[in-house]
2 protein chains.
Amino acid sequence: MSKSALHRGVGVALWRQIGDEIRRGIGTGLADENGRLPPEAELAARFGVNRHTVRAAIAALVHEGVLRSEQGRGTYVRRQKRLTYPIGARTRFSTGLEGQARDRQIELLDHAREPANATVAAALGLEPAEEVIRLEMRGLADDIPVSRSTAWFRAAQFPEIADYFARTHSITQALALSGIKDYRRASTTIEARHADDTDTRDLRLSPGAIVLVARSLNVDSNDKPIQYSQTRFSADRVELTVQG
Amino acid sequence: MSKSALHRGVGVALWRQIGDEIRRGIGTGLADENGRLPPEAELAARFGVNRHTVRAAIAALVHEGVLRSEQGRGTYVRRQKRLTYPIGARTRFSTGLEGQARDRQIELLDHAREPANATVAAALGLEPAEEVIRLEMRGLADDIPVSRSTAWFRAAQFPEIADYFARTHSITQALALSGIKDYRRASTTIEARHADDTDTRDLRLSPGAIVLVARSLNVDSNDKPIQYSQTRFSADRVELTVQG
DNA sequence: TCTAGTTGTCTAGATCAATAGACAAATTTG
DNA sequence: CAAATTTGTCTATTGATCTAGACAACTAGA
């Protein structure tokens, strides 16, 4: 059925070629109507390799979040549809994804207090090199990384923001603990580019994958900037919708 | 300078990634004005790998015919320009490439006497399953494979064609020994496709390379078909020109 | 001729890739 | 419950890939 054969000895591992073939085959009849793949033994026979080699390919796709294996049952395509991430003045990460994933969470990877660079200072309306708090976060849906974001806050105004976020795992609640009752998204710009090394690591992407980059500014009820952030999404797993 | 970094642990060997990078870098300033590449040690430092890994990449490109290494001097880009192969009523492989390569030759890889398939029988105007002589040949220019061709002749008319060709390494002379004083190319069709496994082996191509396929019919001075052949060229090394 | 620079060859060890086989663990079906 | 199916884990072996270091062979230039 598949025209392309595997190439040995050309510097591309068989498990990688098989993984690419499976990823391509999803949507073109490789999986059945329930999203179930043929058993490993059958795939191994079809590709003419050992079952362990197929398992290596599947393991890579499971790690990427494309497949899900269940012992005794089979291997399934994980999510046919992308997450739809709404972008609007009053949307929050926590509320926007309701119903699209069973389990959602934001991890705090790192945080620091440091002088603002030119871009951040301009966005937040700070003096040059005024101190900011920087948070490095990662969003997961059903344990698959979907976003990787960096957020900056004016240090003088939000000295405890990192602690608050670590405690609540929510920007909205961390801001509330800092005395911000309400805020809105003033602007968002969106671009797309190839994943760099940081992206492939943090979002578990393959080299060559595409990421969406959203830069947004949140302001308080007096339109004063309080948060500037840059978020990278896996374009395979997420689509953005801008709300009027 | 180079934006793309190497990716480890993704199922693509480093030597392969480096080889692709070098092939791409040719023409964009990687080689100097004499076509000389930076020394292996410098490339190794630039890519952040061991010198042996760079050597593996270069060895693959030398085998492909893209590069040429000279001990003590350096590594050079082999041929910036493609061979131009003329296609016309009276052109011969031996005469067409004059001056474009120092050394030209045609190897006889295999030959057989067998019943003609439908395509060959139709082209040569034979009875169904009439016997033909099939020759498998490879053309080299400066020791780089540039073409791989299969030719069919009516066995009853040219029983000794394989011997004659093996002796003379020339279709024109083999036909002359068979009593054909003159012949011309009646028609040629050209198509392009991706290299299959046979092509990558015989023409020393990378998987994914492109081949040009030319099918042509030679007829004698009475317009009677005498030879049908199919030739595959490496699209990286050859271009075809059709002469009015 | 001597020296510096460059490619070629060899040895050795560490890790990755692929094969092979056996059996455990979980699920579904009869 | 029993059997069949399927994924998970383990051991072992072979070859490919990558690193490291040393030195030979060849070329070009001082």
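Residue numbers start from 1 in every chain, and the chains themselves are labelled A, B, ... in the order their sequence lines are given, proteins ahead of strands.
- Minimum atom distance to the side chain of B:N50 is reached by D:dA20, of the listed D:dC18, D:dA20, C:dA26.
- Proximity of A:R55 to the phosphate of D:dT7: no side-chain N or O atom is located under 4.0 Å from OP1 or OP2.
- Under 3.5 Å, the side chain of A:H52 and the base of C:dA17 form no donor-acceptor pair of N or O atoms.
- Atom CH2 in A:W15 sits roughly 17 Å away from atom C1' in C:dT19 (whole-Å rounding).
- Salt-bridge annotation for A:E40 and A:R51: present, with a side-chain N of the basic residue lying under 4.0 Å from a carboxylate O of the acidic one.
- Toward the 5′ end of DNA chain D lies the nearest nucleotide of A:Q71, the other residue of the pair B:G48 and A:Q71 mapping further downstream.
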Q.
Please evaluate residues A:T150 and A:E136 with respect to the criterion side chain to side chain donor-acceptor pair (under 3.5 Å), reporting the C-alpha separation (whole Å), side-chain torsions for both, the decisive distance (0.1 Å), and the verdict.
A. CA-CA 5 Å; A:T150 306; A:E136 301 289 346; 2.8 Å; yes
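- Residue B:R68 is out of contact with every strand shown, counting any heavy-atom pair closer than 4.0 Å.
- Atom CZ in B:R16 sits roughly 15 Å away from atom C1' in D:dA16 (whole-Å rounding).
- Comparing B:V49 and A:I58 against DNA chain D, the residue whose closest nucleotide sits nearer the 5' end is A:I58.
- The distance from atom NE2 of B:H7 to atom C1' of D:dC18 is 18 Å, rounded to the nearest whole Å.
- Distance B:F47 CZ to D:dT19 C1': 17 Å, rounded to the nearest Å.
- Closest-nucleotide positions on DNA chain C for A:E70 and B:L37 were compared, and the one nearer the 5' end corresponds to B:L37.
- In terms of phosphate contacts, B:R73 brings no side-chain nitrogen or oxygen within less than 4.0 Å of OP1 or OP2 of C:dT7.
- Salt bridge absent: A:D197 and A:R201 never bring a charged side-chain N and a carboxylate O closer than 4.0 Å.
- At the phosphate of C:dT19, OP1 or OP2 sits under 4.0 Å from a side-chain N or O atom of A:T53.
- At the phosphate of C:dT6, neither OP1 nor OP2 sits under 4.0 Å from any side-chain N or O atom of B:T75.
- Here A:R8 reaches the OP1 or OP2 of C:dT19: one of its side-chain N or O atoms lies under 4.0 Å away.
- Comparing A:G72 and A:V12 by the nucleotide of DNA chain C that holds the closest heavy atom to each, the one mapping nearer the 5' end is A:V12.
- Using a 4.0 Å cut-off between charged side-chain N and carboxylate O, B:R16 and B:D20 make a salt bridge.
- With rounding to whole Å, B:L67 atom CG is found 11 Å from C:dG8 atom P.
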Can B:R148 and B:D199 be said to form a side chain to side chain contact (heavy atoms under 4.5 Å, CB included), step by step? CA-CA 8 Å; B:R148 173 73 180 74; B:D199 302 324; 5.6 Å; no
**Request:** For the pair B:L67 and B:R78, evaluate side chain to side chain contact (heavy atoms under 4.5 Å, CB included) and give the outcome as yes or no after the intermediate values.
**Result:** CA-CA 5 Å; B:L67 299 179; B:R78 189 139 192 175; 5.8 Å; no
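- Whole-Å rounding puts the B:Q17 CD to D:dT17 C1' distance at 12 Å.
- Ranking D:dT17, D:dG8, C:dA18 by closeness to the A:L14 side chain, first place goes to C:dA18.
- Regarding B:I18, its CD1 atom lies at a distance of 13 Å from the P atom of D:dT17, rounded to whole Å.
- B:R36 places its CZ atom 10 Å from the C1' atom of C:dT7, with the value rounded to the nearest Å.
- Of all nucleotides listed (D:dT19, D:dT7, C:dT19), D:dT7 comes nearest to the side chain of A:P39.
- Checked by distance alone, B:R51 brings a side-chain donor or acceptor within 3.5 Å of a matching partner on the base of C:dG8.
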